[in-house]
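Only one structure is covered here, and it is reproduced in the block below.
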There are 2 protein chains.
Amino acid sequence: MTIDNLGIGGKRYKEAKHALLAALAAQEWKGGEAIPSERRLAERFGISIGTVRKAIDELVAENILVRHQGLGTFVAHHQRDRHFFRFFRVVGVGGDKRYPTVELLSFEQAKASASVARLLGIEANATVYQFSNSLALEGEVVMIDRIIVAEPRFRGLTEDALRERPSTLYNFYQDVFHVYVTGIEERLRATIADHTLAALLDVSAGAPLLEIQRVAYSYQQVPVEVRISSVNTAKHEYLGASTLTTPSYDRGVP
Amino acid sequence: MTIDNLGIGGKRYKEAKHALLAALAAQEWKGGEAIPSERRLAERFGISIGTVRKAIDELVAENILVRHQGLGTFVAHHQRDRHFFRFFRVVGVGGDKRYPTVELLSFEQAKASASVARLLGIEANATVYQFSNSLALEGEVVMIDRIIVAEPRFRGLTEDALRERPSTLYNFYQDVFHVYVTGIEERLRATIADHTLAALLDVSAGAPLLEIQRVAYSYQQVPVEVRISSVNTAKHEYLGASTLTTPSYDRGVP
DNA sequence: AAGTGGTCTAGACCACTAC
DNA sequence: TAGTGGTCTAGACCACTTA
């Protein structure tokens, strides 16, 4: 398998990158597994190591691959909450990051509304799973999540499986359904607590809440989850993904 | 000037990168100017072109330098609002990005509060300039900014200069004070409109508002501005900097 | 035509990990 | 010791811009 179809774009490292992405999407290697060495990939693609490295560089920058010097290059996966705070951005006003305690509130099968279907890239009225979580920090419930996923991709999802999952939700997606969340897009608004949310969050009806609409994507920007979160920001804040781009290791932090 | 002090870290491209950053901070080249060609930098630093490219690669990824094939490599600057939406993240609920109409509401000299001083890295009670803007989209005021900057860095800032600036605020910082904003950090909360904000935003007192606390940074993470924004999210949303990292040009968008 | 950045090569040597 | 990724070199050739 060489890469000589340099028709459009004609950049070998882009071709190699997309070949790797396609192989990942086809589960040629699963989360946590090593991909072939740079030398082997260079032979396989019929290009030089430097070009393979450039392709891998981009995939590493996108958190899709992970390199370990002396060991190999691995398919990134959500493990032991290492990347947890990349997607969980609610912190204490002081800035302290804590892991939330999650409780499943509801679980049901339903039909996708038009807007959800559009976001998930499925037909309106297609079957979806829909469930709700409450998240507590330091013993206080600060956030309610309403989550919707397409049934075909998560076929066989049950309330018990969700309730008994040993790790984070995205870890669960990955281990059970081989759905690896690579990125999210979020839109934020200020809203007012209705009676349901007020009761769940222990605030008075009419209290201001931060509402976050999230779409989570997997390889090649395939949408896999829609989520609407309501946050009580009395004692917590949403940490905007900073535009501070200088990597921390440049500032002496290992 | 060669780079042979490979004491700590010992990576030539990191040394080159920091040498470039130091030269930028010292204004060896100003915003929009070209830096020397890769070949010249390689000679100057006594390293190979490939290594210079790796240093520049990182600075380009951090929006500090901009490459133009056939032309040269330039010091990034805010020009003609090209990077405007990197820092202005309020969009219509449909997702349409519009440029706001800005109006200066107030301007004064004041003493830094303890919290502002901490964020700006200055002494409490140090002199600061403090001003306020209203931002309108499609004719409606949707956002009020309260902005604080340290006096020494912006010495001589006047109300008239602010009011008559021809372009964006960060453009103005750069052209007049040689302060180039490279990144921001934001924290978001849901609040309630007080009477002042309610009047300015044309909502009823008690309406929910999105409050954004921003710290803007220049080269080497020096804080240069603190800003508190209040947004009426009835018809607009805050676009969270997405964790979607695949560059758009990989998806066929030029 | 001359100069620039963009891509690609075919190595070398080093640092790290596992056995 | 063998294999991996990490850094670096010294070019080649291409695409692009300006003159």
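Throughout, protein chains are lettered first and strands after them, A, B, ... in sequence-line order, and every chain is numbered starting at 1.
In this structure, the NZ atom of B:Lys54 is 6 Å from the C1' atom of D:dG6, given to the nearest Å. As a whole-Å value, the separation of A:Glu38 CD from C:dT9 C1' is 15 Å.
Between B:Tyr13 and D:dT7 there is a side-chain polar atom (N or O) within less than 4.0 angstrom of OP1 or OP2. Proximity of A:Arg12 to the phosphate of C:dT7: no side-chain N or O atom is located under 4.0 Å from OP1 or OP2. A sub-4.0 Å separation between OP1 or OP2 of C:dT4 and a side-chain N or O of B:Ser37 is present. For C:dG5, the OP1/OP2 oxygens have no side-chain nitrogen or oxygen of B:Arg53 closer than 4.0 Å.
The backbone N or O of B:Ser218 lies less than 3.5 Å from a partner atom in the side chain of B:Thr182, making a donor-acceptor pair.
Side-chain contact annotation: B:Tyr217 with B:Glu225, donor-acceptor N/O pair under 3.5 Å absent.
Within the 4.5 Å cutoff, the side chain of A:Arg153 has no heavy atoms near those of the A:Phe177 side chain. Between B:Asn171 and B:His77, the closest side-chain pair of non-hydrogen atoms is not below 4.5 Å.
When each of B:Arg39 and B:Thr51 is assigned the nucleotide of DNA chain D bearing its nearest heavy atom, the one mapping closer to the 5' terminus is B:Thr51. Along DNA chain C, the nucleotide closest to A:Leu71 and the one closest to B:Thr73 are compared, and the more 5′ of them pairs with B:Thr73.
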